[in-house]
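Here the structure is laid out as structure tokens; the discussion comes afterwards.
Bear in mind that the values here come from a model prediction, so they are computed numbers and not experimental data. Read the numbers this way: they start at 1 and go in the same order the structure lists the ligands and their atoms. Excluded from the calculations below are hydrogen atoms, water molecules and symmetry mates; all remaining heavy atoms, backbone and side chain alike, are included. Throughout, numbering of the chain's residues begins at 1 and tracks the sequence.
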Amino acid sequence: MSKKYNFYAGPAILPYEVMKKAQDELLDLNGTGLSILEISHRSKDFEAIINGAIQKIRKVFAVPENYHILFLQGGASLQFGMVPMNFLQEKTADYINTGSWAKKAIKEAKLFGKVNIAASSEDKKFTYIPEKFNLSENPVYIHLTSNETIDGIQWQKFPDFGSIPVVADMSSDIMSRRIDVSKFALIYAGAQKNIGPAGVTLVIIKDEFLQKGADNLTTMLSYKTHAQENSLYNTPPCFAIYIVNLVMDWIEKKGGLAKIEEINEQKAALLYDTIDNSNGFYRGTAEKKDRSRMNVTFRLTSEELEEKFVNEAKKEGFIGLKGHRSVGGCRASIYNAMELEGVKALADFMKEFQKKNS
Ligand code: PMP
């Protein structure tokens with residue numbers, strides 16, 4: 001099979017070593033003679049996996065002890081509703097509207113209380129991260145999207161919102177860099193970009209915030225249930241959690257988030273430099289200061305040329321470069337598992353394509 005470079009936005013590339021290990025032990029987990037796919041979620045073997053994953057996430061992502069680490073289902077999309085369902089309760093929350101995903105979070109929040117749009121970059125088609133915020137008087141939380149997967153913008157630094165609890169959707173840049181978790185009340189992320197396969201959603205929630213959650217909710221939609229039961233109230237997505245556990249081992253082996261962050265910066269710089277040095281053949285869609293290091297969004301000079309680019313890239317083994325159907329253009333998603341070598345190969349292809357088509 002010829003080499004494939006996977007630039008899909010999600011589900012996305014996973015580390016080869018993780019895939020190989022999962023393959024090797026798929027039929028026989030730790031000498032049990034059984035597969036991870038067929039053992040009880042109450043077994044000692046699975047207990048070791050879920051607790052191992054939690055411990056490693058705490059270490060790798062530097063999650064303080066006063067936070068619960070949960071594995072939920074329903075994707076980040078369910079979190080759009082679960083957050084306001086648990087915490088909004090007819091009060092007011094502030095939301096920052098930075099793009100396609102923030103918008104979806106806002107839509108759900110409106111079902112549960114008042115939403116104040118504290119800032120929005122919709123005026124310029126979500127090409128930047130706002131810097132001025134119009135906060136409401138006493139919001140129960142402020143919600144932001146750390147990286148807009150479709151629009152290709154990312155918060156490079158998080159503002160200080162004082163004592164307001166900050167809730168963040170980190171689906172597409174979770175563990176791509178070091179962050180100060182203590183600045184957040186709740187972080188959620190679908191696993192399927194940086195930390196695992198689809199099917200599990202990571203939630204990191206501060207105990208103090210958790211306690212403020214409503215008590216009159218259906219059991220499965222209450223964070224308290226999952227915190228009390230260590231994500232084992234019902235059958236969790238065992239295989240997905242197993243892979244997350246392996247991905248944490250891989251991150252640690254790579255040198256932790258400091259090293260991952262350094263490589264991610266190099267990867268993004270390489271692509272953005274290629275774009276910026278193309279004399280307008282490629283054009284980045286986001287304002288430079290807010291460019292995403294995970295999802296590099298760019299246009300060519302016509303839609304026909306974009307289609308040709310995506311098709312020729314595919315023939316050469318570069319997969320998943322088509323922009324999201326809602327915005328068009330091109331997008332290279334370069335999550336943690338994409339090696340620098342793959343990005344170099346893409347940059348070379350882009351230069352070659354430019355030469356042939358200028
Ligand atoms: N938020 C962001 C930033 C995303 O990128 C995505 C998925 N691409 C979602 C939320 C929705 O995640 P899910 O499909 O897991 O519900």
CD/E287: more than 12 non-hydrogen atoms of other groups inside 6.0 Å: yes
Heavy-atom side-chain proximity of D173 to Q154 below 4.5 angstrom: yes
Parallel, tilted or perpendicular, as decided by the 30° and 60° cut-offs, for the rings of F133 and W155: parallel
Aromatic plane relationship, F209 with Y141 - under 30° parallel, 30 to 60° tilted, over 60° perpendicular: perpendicular
F349 and F318 aromatic ring geometry - parallel, tilted or perpendicular at 30°/60° bounds: tilted
SB check K344 E341 (cutoff 4.0 Å): no
Every residue of the protein that comes under 4.0 Å of ligand 1, judged on heavy atoms: G75, A76, S77, F80, W101, N147, T149, D169, S171, S172, Q192, K193
